[in-house]
Amino acid sequence: IDFMNNLLCSQDSIIQVSEWGAMLLYEEIQSSLLFFEDILKNNHAIRPRLLYHKILWIMKILTLNQPSDIRRYTLPSEYFPSDTIVRFVMLKRTDYSKDAINKIS
């Protein structure tokens, strides 16, 4: 889980994806999360979905049609305390323009 989070959010990460790449990445991450969820579901002390919540939100941001679509969602402030983090994630999409990303608020 930490690996996926670092891959998508770390400033050292050089990952860049197109719209198609974001969709494929989403499918792969979803499959991985389901795999881990199956492993952890017998441990009732852990709620697996809560562990993946931030990654799922990051993937939601990466799979938007355009940056302004973010306005449809109320992002959890514990993961995205500022627009700066959202913009950083959006910059990973090669087909989002920097002007469009800078206009989100």
Side-chain angles (χ1 to χ4, degrees):
I1 304 300
D2 288 337
F3 167 75
M4 288 185 233
N5 188 38
N6 289 337
L7 178 69
L8 299 170
C9 288
S10 170
Q11 291 195 358
D12 297 332
S13 172
I14 57 171
I15 189 171
Q16 295 280 298
V17 294
S18 64
E19 180 181 12
W20 182 246
M23 287 188 264
L24 291 174
L25 182 61
Y26 175 82
E27 290 297 319
E28 290 300 316
I29 286 178
Q30 191 71 6
S31 295
S32 298
L33 294 178
L34 290 173
F35 171 77
F36 289 121
E37 191 171 84
D38 284 344
I39 291 171
L40 294 174
K41 75 178 169 183
N42 291 329
N43 184 345
H44 300 293
I46 298 175
R47 295 186 181 256
R49 276 284 166 197
L50 296 177
L51 296 174
Y52 315 139
H53 200 232
K54 181 178 182 181
I55 294 169
L56 293 173
W57 273 107
I58 291 168
M59 291 313 304
K60 172 58 74 182
I61 293 168
L62 285 177
T63 56
L64 295 171
N65 287 329
Q66 56 191 6
S68 61
D69 289 347
I70 197 68
R71 294 183 190 118
R72 297 180 190 162
Y73 302 96
T74 302
L75 299 174
S77 59
E78 63 268 25
Y79 305 136
F80 306 102
S82 71
D83 287 343
T84 304
I85 298 169
V86 175
R87 286 186 183 100
F88 179 77
V89 172
M90 287 183 172
L91 286 169
K92 305 236 177 252
R93 274 283 296 269
T94 58
D95 50 332
Y96 287 170
S97 75
K98 286 186 181 180
D99 288 337
I101 292 170
N102 287 330
K103 289 179 184 176
I104 67 160
S105 58

Which heavy atom of [X] sits nearest to which heavy atom of [Y], and what is that distance?
X     : Y     : result
Trp57 : Thr74 : CH2-O, 3.8 Å
Pro76 : His53 : CG-CE1, 4.1 Å
Gly21 : Val17 : C-CB, 4.1 Å

Are the side chains of Tyr96 and Leu62 in contact, using a 4.5 Å heavy-atom criterion?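 Not touching, per the 4.5 Å side-chain cut-off.
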
So, do Ile61 and Tyr73 sit near enough that their side-chain heavy atoms are less than 4.5 Å apart?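 A side-chain contact is absent here, since even the closest heavy-atom pair is not under 4.5 Å.
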
With sequence neighbours left out, write down each residue that passes salt bridge (charged side-chain N to carboxylate O under 4.0 Å, His left out) with Asp95, or none if nothing qualifies.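 Scan of Asp95 (salt bridge (charged side-chain N to carboxylate O under 4.0 Å, His left out), adjacent residues dropped) gives Arg93.
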
First locate atom CG of Leu25, then atom NZ of Lys92, and finally report the distance between them rounded to the nearest 0.5 Å.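 Output value for this atom pair is 11.0 Å.
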
Taking Ile55 as the starting point, is it possible to reach Leu91 by hopping between hydrophobic residues whose side chains are less than 4.5 Å apart?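 In one cluster with Leu91: Ile55, yes.
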
Going by the salt bridge (Lys or Arg N to Asp or Glu O under 4.0 Å) test, which pairs reach into residues 62-79, not counting sequence neighbours?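 Of all non-adjacent pairs touching residues 62-79, those that pass salt bridge (Lys or Arg N to Asp or Glu O under 4.0 Å) are Asp69-Arg72.
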
Residue pairs involving residues 17-35 (criterion salt bridge (Lys or Arg N to Asp or Glu O under 4.0 Å); sequence neighbours excluded):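 Sorted pair list comes back empty.
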
Test side-chain contact (heavy atoms from CB on, under 4.5 Å) applied to Thr84 - qualifying residues, sequence neighbours left out: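 For Thr84, the residues satisfying side-chain contact (heavy atoms from CB on, under 4.5 Å) (neighbours in sequence not counted) are Ser82.
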
Counterpart residues, side-chain hydrogen bond (donor to acceptor under 3.5 Å, both in side chains), relative to Ser68 (two or more places apart):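 Applying side-chain hydrogen bond (donor to acceptor under 3.5 Å, both in side chains) to Ser68 gives Gln66.
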
Going by atom type alone, with no hydrogens or angles, which donor-acceptor pairs under 3.5 Å involve a side-chain atom of residues 97-104 and a protein atom two or more places apart or on another chain?
{"residue": "Ser97", "atom": "OG", "partner": "Ala100", "partner atom": "N", "Å": "3.0"}
{"residue": "Asn102", "atom": "ND2", "partner": "Lys98", "partner atom": "O", "Å": "3.1"}

Determine whether Leu75 and Lys60 satisfy the following criterion, side-chain contact (heavy atoms from CB on, under 4.5 Å), listing intermediate values before the conclusion. CA-CA 10 Å; Leu75 299 174; Lys60 172 58 74 182; over 6 Å; no

Just by distance, do the side chain of Tyr26 and the backbone of Leu56 share a donor-acceptor pair under 3.5 Å?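 Side chain of Tyr26 to backbone of Leu56: no pair is present.
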
